[in-house]
**Q** 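Would you mind keeping the following structure in view while I ask a few things?
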Amino acid sequence: MSSTYLIEGLKCLEYRGYDSWGLAFKIGNNIEIKKEVGKISDIQIKKLGFPESHLAIGHSRWATHGKVNKTNAHPHSSENNEIVVAHNGIFENYLEVKKVLQKKGHKFLSETDSEVIAHLIEEHNKSHSFEESIKLAAGEIEGRYAIVVMKNDENKIIAARKGSPLIIGVGKNQDEYFIASDIPAFLKHTNKVIYLDDNQIVTIENGKIDFYDTVRREKIAKRIIEIDLDAETAEKGEFPHFMIKEIMEQKDTLARAINQDPAIIEKVAGEIKNAFGTYLIGCGTAGKVGMVGEYLFAKIAKKHINFSFGSEFANYKDFLNKKTLLIAISQSGETADTLEAIEIAKAKGVKVAAIVNVESSTMARTADIVIPIKAGLEKAVASTKATTSQLAILTLLAYTCDGGVKTGKQLLADTASQINDMINPRYEEHIMKIAKKISNVESMYIIGRGLNYPIALEAAIKLQEVSYIHAEGFAGGELKHGPLALISQNTPVIALVANDNTKKDILNNAAEIKARGGYIIGIAPENEDVFDFWIKVPDTGDTSPIVNIIPVQILAYQLAVLRQNDPDKPRNLAKSVTVK
Ligand code: F6R
């Protein structure tokens, strides 16, 4: 295996974390490690002259424990440097284990929880085989993890998982295997995969692969699955960044979301109707989509559905039972907070439906029913096309619950075609005018009402994460209860307007802001007197959340570029948040 494979693979996975990176190569009976701070995408393989090796581990980090520096980057070595580990997840009880190891003489170089795993394995390895030591260490780690381990004098790689994804790629050449936290890392080389499940360990040695289940305490057989993923979708093509490519793809992705197996939509709608309590959960942007869902079901299906962020869901556990339905929303299907909420629900016998993009994800494989959104690979950290596709599915579900599947589908099809007309170069140029005007502001605000209140919150996330401008979303009616004090001369405020029963009130709220010096950017079907700048959107009724968020996505992207930020890899963030 060459270092090129490893580095190219890591580049494809960088969206999961990109503050630092490291590589470990087994060369004879030594392990050579190279680590750097920064993005691996910035390095040139040839210049660095990495060694060739047929056993190697690489990692790109999203810091949890310890600062971003070379020492804290993975892979980590054990005390005697014989064992090397790359780790995703959080070792929750690492401080207790570290103390025990320190008493035994172990000295630690980094502040990470991950280094403790290497030392723990080494400690067990004093009296047990390499494999056995990993099994014992795995049994002591509380929390979610995926680990990949090498030893200087063993011709093998061993990996284990609990809660964090690990997928094995079966290479085209005999003897060739890849282990990664996501398929794109090796998609260029193979589309044959084996999913490692929780509490399973894989050992790859001289082209032989073995699986072990730590709960059943026996060897197990695993199936090879051929996946249907197009390596091309992972390329930027003619676009300068993935974010704008994915925003533009919304011309097609909505149609793909709605033109899928109607039986699945009918089935989930039936479950909602029969459930005694339905919860929508998600995190971040997917959470805001869930909040829109709450409004959509109230408005269209006249049904009350509860929303909770994945990380807050445990607070409702006393209300869960076999009649409850949980609908989890996630692009990646690997978000730890959402997965943990699902585990809580499943333990209570709750039925779980998942609205996900990555069909091979842990969430998709854990849920009882899956609604795939079919948005294709979303690489930019800021979610765009997955968001509108998730919104489309929830709209369709709400209509289907009310017996209006045809009406819902027609509305969404019309919306998709109007979006197709809307996003063109002239539209982008128009939004660029306002982007240039506000690119140096310190703060901006977004207001919405009804269906567009959660969209104001989502708009704020989009603007924060890529432009780094302080942005906050509010329900229009809430301004006068406090936030209005933040408005001063020329503070930009985006008013999200829909042509529905909230229109008059949101325009009044915009007027209240304008009267205090605010600069009103209206995203609305019609120009209104109160607007200082108008971004036109089609008048699509109940799909206004879908059409209203798109110009904000474009604005956020343009602000990022104007402020010389990397819109695809914003600072401090990761695409797939596999830690709590
Ligand atoms: C923001 C964004 C995040 C994700 C959140 C959940 O643009 O992408 O807020 O929405 O981390 O991720 P998924 O949808 O993968 O569960």
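Heavy-atom basis, side chains included; hydrogens, waters and symmetry copies ignored. First listed ligand is number 1; within each ligand, the first listed atom is number 1. The chain is numbered in sequence order, starting from 1.
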**Q** Within the 4.0 Å heavy-atom shell around Glu465, which atoms of ligand 1 are there?
**A** 1 (C), 7 (O)
**Q** Heavy atom to atom 6 (C) of ligand 1, shortest distance: which of Gly284, Gly282, Gly287, Cys283 holds it?
**A**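 It is Cys283 whose heavy atom sits nearest to atom 6 (C) of ligand 1.
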**Q** So which protein heavy atom does atom 12 (O) of ligand 1 come closest to, and at what separation?
**A**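 Checking every protein heavy atom, the shortest distance to atom 12 (O) of ligand 1 gives Thr335 OG1, 3.3 Å.
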**Q** Relative to the heavy atoms of Ala286, which atoms of ligand 1 are at a distance of less than 4.0 Å?
**A**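 Matching atoms, with element in brackets: 10 (O), 14 (O).
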**Q** Would you kindly specify which portion of Val381 sits under 4.0 Å from ligand 1, judged on non-hydrogen atoms: side chain, backbone, both or neither?
**A** backbone
**Q** I'd like to know whether ligand 1 has Lys462 as a neighbour, heavy-atom separation below 4.0 Å.
**A** yes
**Q** So, Arg256 side chain and Ala375 main chain: donor-acceptor pair closer than 3.5 Å or not?
**A**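 It does hold such a pair.
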**Q** Taking only heavy atoms of Ser383, which atoms of ligand 1 are found under 4.0 Å from at least one of them?
**A**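 The list of qualifying atoms is 7 (O), 8 (O).
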**Q** With a 4.0 Å cut-off, would you call Asp252 and Lys385 a salt bridge?
**A** no
**Q** With side-chain contact (heavy atoms from CB on, under 4.5 Å) as the test, pick out the partner of Val537 among Ile523, Ile419, Val497.
**A** Ile523
**Q** Side chain to side chain donor-acceptor pair (under 3.5 Å) with Tyr445: which residues, sequence neighbours excluded?
**A** none
**Q** So, for Phe307 and Phe309, is the gap between ring centers shorter than 6.0 Å?
**A** yes
**Q** Test the Arg563-Tyr468 pair against the cation-pi criterion, namely NZ or CZ under 6.0 angstrom from the six-membered ring centroid and within 45° of the ring axis.
**A** no
**Q** Can Ser60 and Lys11 be counted as having a side-chain donor-acceptor contact under 3.5 angstrom?
**A**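 There is no such pair (donor and acceptor under 3.5 Å, judged by atom type) between the side chains of Ser60 and Lys11.
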**Q** What do you reckon, does Gln390 have a nitrogen or oxygen under 3.5 Å from a nitrogen or oxygen of ligand 1?
**A** no
**Q** Taking only heavy atoms of Gln331 into account, list the atoms of ligand 1 that are under 4.0 Å away from them.
**A**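 Close to Gln331: 13 (P), 14 (O), 15 (O), 16 (O).
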**Q** Only heavy atoms count here, so choose which of Thr387, Thr285, Val466, Thr384 is nearest to atom 4 (C) of ligand 1.
**A**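 Selected option, by shortest heavy-atom distance: Thr285.
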**Q** What is the nearest protein non-hydrogen atom to atom 15 (O) of ligand 1, stated with its residue, atom name and distance?
**A**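 Answer, as residue, atom name and distance: Ser332 OG, 2.6 Å.
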**Q** As an exercise, identify every atom of ligand 1 less than 4.0 angstrom from a heavy atom of Ala382.
**A**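 Those of ligand 1 that fall under 4.0 Å from Ala382 are 7 (O).
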**Q** I'd like to check the salt bridge (Lys or Arg N to Asp or Glu O under 4.0 Å) partners of Lys351; sequence neighbours left out, ordered by chain and number.
**A**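 Here the qualifying residues are Glu271.
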**Q** Which heavy atom of the protein is the closest neighbour of atom 11 (O) of ligand 1, given with residue, atom name and distance?
**A** Val577 CG2, 3.9 Å
**Q** Are the side chain of Gln331 and the backbone of Ala286 linked by a donor-acceptor contact shorter than 3.5 Å?
**A**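 Not confirmed, Gln331 side chain does not pair with Ala286 backbone.
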